[in-house]
Amino acid sequence: MRFSKLLIPTLREAPADAEAISHVFMLRAGYVRQLAAGLYIFLPLGWRVLDKINAVLKEEMEAIGSQEISMPILHPAEVWQQTGRWDVIGDEMFRLKDRTGRDMCLGMTHEEIMTWLASREIRSYRDLPQVWYQIQTKLRDEARPKSGVLRTREFIMKDSYSFDANEEGLEKNYQLHAGAYHKIFKRCGLKFYQVESDPGMMGGAVSHEFMAPSPAGEDEVALCNKCGYSANVELALSVPSEIKFEDWLYEEVHTPDKRTVQEVSNFLKLKPAYFIKSILVIAENTPVLALVRGDQELHEKKLSKIIGAHRPAQKTEVKEILGVEAGFIGPMNQKVRIIADSCLKEGIYVSGANKQHYHAKGIRPGKNFTAEWHDIHLAKNGDKCSKCGAELKIEKCIEIGNIFKLGTKYSVPLKAVFLDENGSEKPVIMGSYGIGPARIAAAAIEQNNDKDGIIWPKSIAPFDIEILPLNMKDSMTVEIAEKLYNDLKERGIEVLMDDRDERAGVKFKDADLIGIPTQIILGEKNLKEGLVEIKDRRTKEAKKVRVEEVVKVIS
RNA sequence: CGGGGCGUAGCGCAGUUUGGUAGCGCACACGGUUCGGGACCGUGGGGUCGAAGGUUCAAAUCCUUUCGCCCCGACCA
């Protein structure tokens, strides 16, 4: 296509409210414009990229036997009420009423509607398995839209759903999707990890996320290079690094006005790892004392899985319940339930002495206090892998896809059932699988850029080739450019030709910004010798090629 | 929802402290020169200063309310 006929509004300067690299470049290079918080317009280049990504998605979905369908975005409340999510989900769901006053909502995902369809159409084990997918808009009233297209209130998602007669079938579809996702992300040129994840409100027991490493990401992932263990830190297990213990005898130490681990650590000249951090929380009106090592953080979600919903205790509550000011509390002789991080099982520690301005040194777990042992700390860089003992590293990632084993969470309430070989009625076993195309695009930019702009992976670039006729007033330049343009198009190559009457510098700058992987540069001097330059956007290396050879070299 | 920041031309910003005719750069239009890494000279168009109310002879500037956007946190199919 011709640059002069396309809306490609490049910006010399980045709008002030863009922070993430992908956001800045998508705006500057004219891929998207923002309508409001979390609402984006995709301009021609941006839409072409999404089309490319969606084409890959479709191919790989079809390859595993998934059938494309399309579901409404506007949903009646009843279906969501039947699964309970109408009430479970809060402000994140857009709700409205139709003209008759009927409750409706905008779809944030499609488990309910897909299951509704399955309940109508699937009757026999002979109808199974089924796998349905769509590439459809989702709406979520996000608490905090951010980072350009990475977290928006309206976005397109490829979501697929599997329906099976038994667990083996689900496992098969789950693995087929995992395999397809690997191919998809690889084809889109992304670095990514498949990690264990927390199913959250989706329900179900098993889920994995596909994570593209990037500093713009919102998630953190723990990775083991040795054994391949990888998990979202929301549930990642780890073993804090070992420390050498001193054979302290139990004694109380005067620590005037030293309350935090850091303060006492500095005062006693002992590393934080020798301390036990005691945190009082209130779970359903029952106090629970949580213990983690001084150099670790308490992981709220892990604790929630053991004691349920809870909140931190207030200062006055600490005094009331434990009889000592926060800052000097320790696990010894406490009547409350104590949950301690497993790594504290061995060793000799320092903690509050349960006495104002005193800490106790030489605390031996098991002897000086007892507790229930669980992994309740947040995995951090340098911790050891719980599987193999190698060092874990923590990386920030963008979640680009996820897969869930749903089981019968949706099929039971929506009565999606079938008759098995014996004529007995059973709920369909389901899985759901999502991918965010705009996140793939953003992640690709985050992972592939330089100071001048985007460097698209070939597979998802808006065009294959950009032709730069540097001087549009030179008739030979124009003539050869037109010929190359047509010849390449005839070969099925997607070409963008910068036919604007702009100075060479402008064309170079815009071409680098836009990031089409290969540039064909037509300069007058080279053309007089029958040569053009073919330049690689990533390496910036250019080679001179005879005009007649271009089509052959490119294709 | 809590904390912080910002709303002045399409974009980036100054002006607000100390009230007194709304500015700069880029972009845009026209003329000329230039033409392989965001050219130069000249001329010109473009603003309810986010909105509403108030104080004042006079408000971008002071006061009140409100809306929007960004960042950190909480939250998160």
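Bear in mind the structure is a predicted one, so any value in this text is a computation, not a measurement. Chain A is the first sequence line, chain B the second, and so forth, proteins listed ahead of strands; every chain is numbered from 1.
- Listed by residue number, G523(A), N526(A), E533(A), K535(A) are the residues of residues 523-536 of chain A with a heavy-atom contact under 4.0 Å to RNA chain B.
- By the side-chain contact (heavy atoms from CB on, under 4.5 Å) test, Q194(A) is found to be paired with A178(A), H182(A), H208(A), F210(A), I403(A), residues two or more places apart in sequence or in another chain being considered.
- Evaluation of the side-chain contact (heavy atoms from CB on, under 4.5 Å) rule for N526(A) yields L531(A), E533(A), K544(A) as partners, not counting sequence neighbours.
- A sub-4.0 Å separation between OP1 or OP2 of rC72(B) and a side-chain N or O of K146(A) is present.
- Here the rule is side-chain hydrogen bond (donor to acceptor under 3.5 Å, both in side chains) with Y433(A), and of S207(A), S66(A), S162(A) only S162(A) fits it.
- Protein atom CG of L470(A) is 15 Å distant from nucleotide atom C1' of rA39(B), rounded to whole Å.
- In the interface, the side chain of E13(A) is not paired with the base of rG38(B) through any donor and acceptor atom under 3.5 Å apart.
- For D510(A) and rG38(B), a side-chain-to-base donor-acceptor distance below 3.5 Å is present, hydrogens and geometry of angles not being considered.
- A salt bridge is absent between K507(A) and E502(A): the closest approach of a Lys/Arg side-chain nitrogen to an acidic carboxylate oxygen does not fall below 4.0 angstrom.
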Pairs: protein N or O with nucleotides 40-42 of chain B N or O, under 3.5 Å:
none

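- The base of rG38(B) lies close enough to the side chain of R28(A) for a donor and an acceptor atom to sit less than 3.5 Å apart.
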Could you list, one pair per line, each protein nitrogen or oxygen that sits under 3.5 Å from a nitrogen or oxygen of nucleotides 27-34 of chain B, together with the distance?
| residue | atom | partner | partner atom | Å |
| --- | --- | --- | --- | --- |
| rU34(B) | O2 | R503(A) | NH1 | 2.7 |

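- Put simply, NZ on K451(A) is 12 Å from C1' on rG38(B), counting in whole angstrom units.
- Not a single donor-acceptor contact under 3.5 angstrom links the side-chain atoms of D452(A) to the base of rG37(B).
- Distance, K544(A) NZ to rG36(B) P: 14 Å, rounded to whole Å.
- Straight-line distance from the CZ atom of F508(A) to the P atom of rC35(B): 15 Å, rounded to whole Å.
- In the set rG38(B), rC71(B), rC13(B), rG38(B) carries the atom at the smallest distance from any side-chain atom of K509(A).
- Rounding to whole angstrom units, CG of residue L7(A) and C1' of rG10(B) are separated by 13 Å.
- Shown here are the side-chain contact (heavy atoms from CB on, under 4.5 Å) partners of V32(A), two or more places apart in sequence or in another chain: M26(A), L27(A), Y40(A), F42(A), V149(A).
- When the ring-ring contact (aromatic ring centres under 6.0 Å, His included) test is applied to W86(A), no partner is found at least two apart in sequence or on another chain.
- Note: CG (D501(A)) to C1' (rA39(B)) measures 14 Å, nearest angstrom.
- Set against rC75(B), rA39(B), rC13(B), the side chain of A143(A) has rC75(B) as its closest nucleotide.
- Legend: residues meeting ring-ring contact (aromatic ring centres under 6.0 Å, His included) with Y161(A), ordered by chain and number and at least two apart, are absent.
- As a whole-Å value, the separation of E218(A) CD from rC72(B) P is 9 Å.
- A14(A) comes within 4.0 angstrom of sugar-phosphate atoms only, judged by non-hydrogen atoms across all strands, and of no base.
- Taking the side-chain contact (heavy atoms from CB on, under 4.5 Å) definition, one finds that D295(A) meets it with P272(A), A273(A), R293(A), K380(A), sequence neighbours left out.
- Atom CD of E142(A) and atom C1' of rC70(B) are 16 Å apart (whole Å).
- At a non-hydrogen distance threshold of 4.0 Å, Q34(A), A36(A), A37(A) from residues 34-41 of chain A come into contact with RNA chain B.
- Across the P atoms, rC71(B) and rA22(B) are found 35 Å apart, a figure rounded to whole Å.
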Apply side-chain hydrogen bond (donor to acceptor under 3.5 Å, both in side chains) to N232(A) and D198(A), showing your working. CA-CA 8 Å; N232(A) 194 310; D198(A) 184 349; over 6 Å; no

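- Considering only residues two or more places apart in sequence or on other chains, H377(A) meets the ring-ring contact (aromatic ring centres under 6.0 Å, His included) condition with none of them.
- Residue L11(A) is the one, among L11(A) and Y161(A), whose nearest nucleotide of RNA chain B lies closer to the 5' end (criterion: closest heavy atom).
- Residues in residues 23-33 of chain A take part in no salt bridge (charged side-chain N to carboxylate O under 4.0 Å, His left out) pair, two or more places apart or across chains.
- Comparing A20(A) and D219(A) along RNA chain B, the residue whose closest nucleotide (by nearest heavy atom) sits nearer the 5' end is A20(A).
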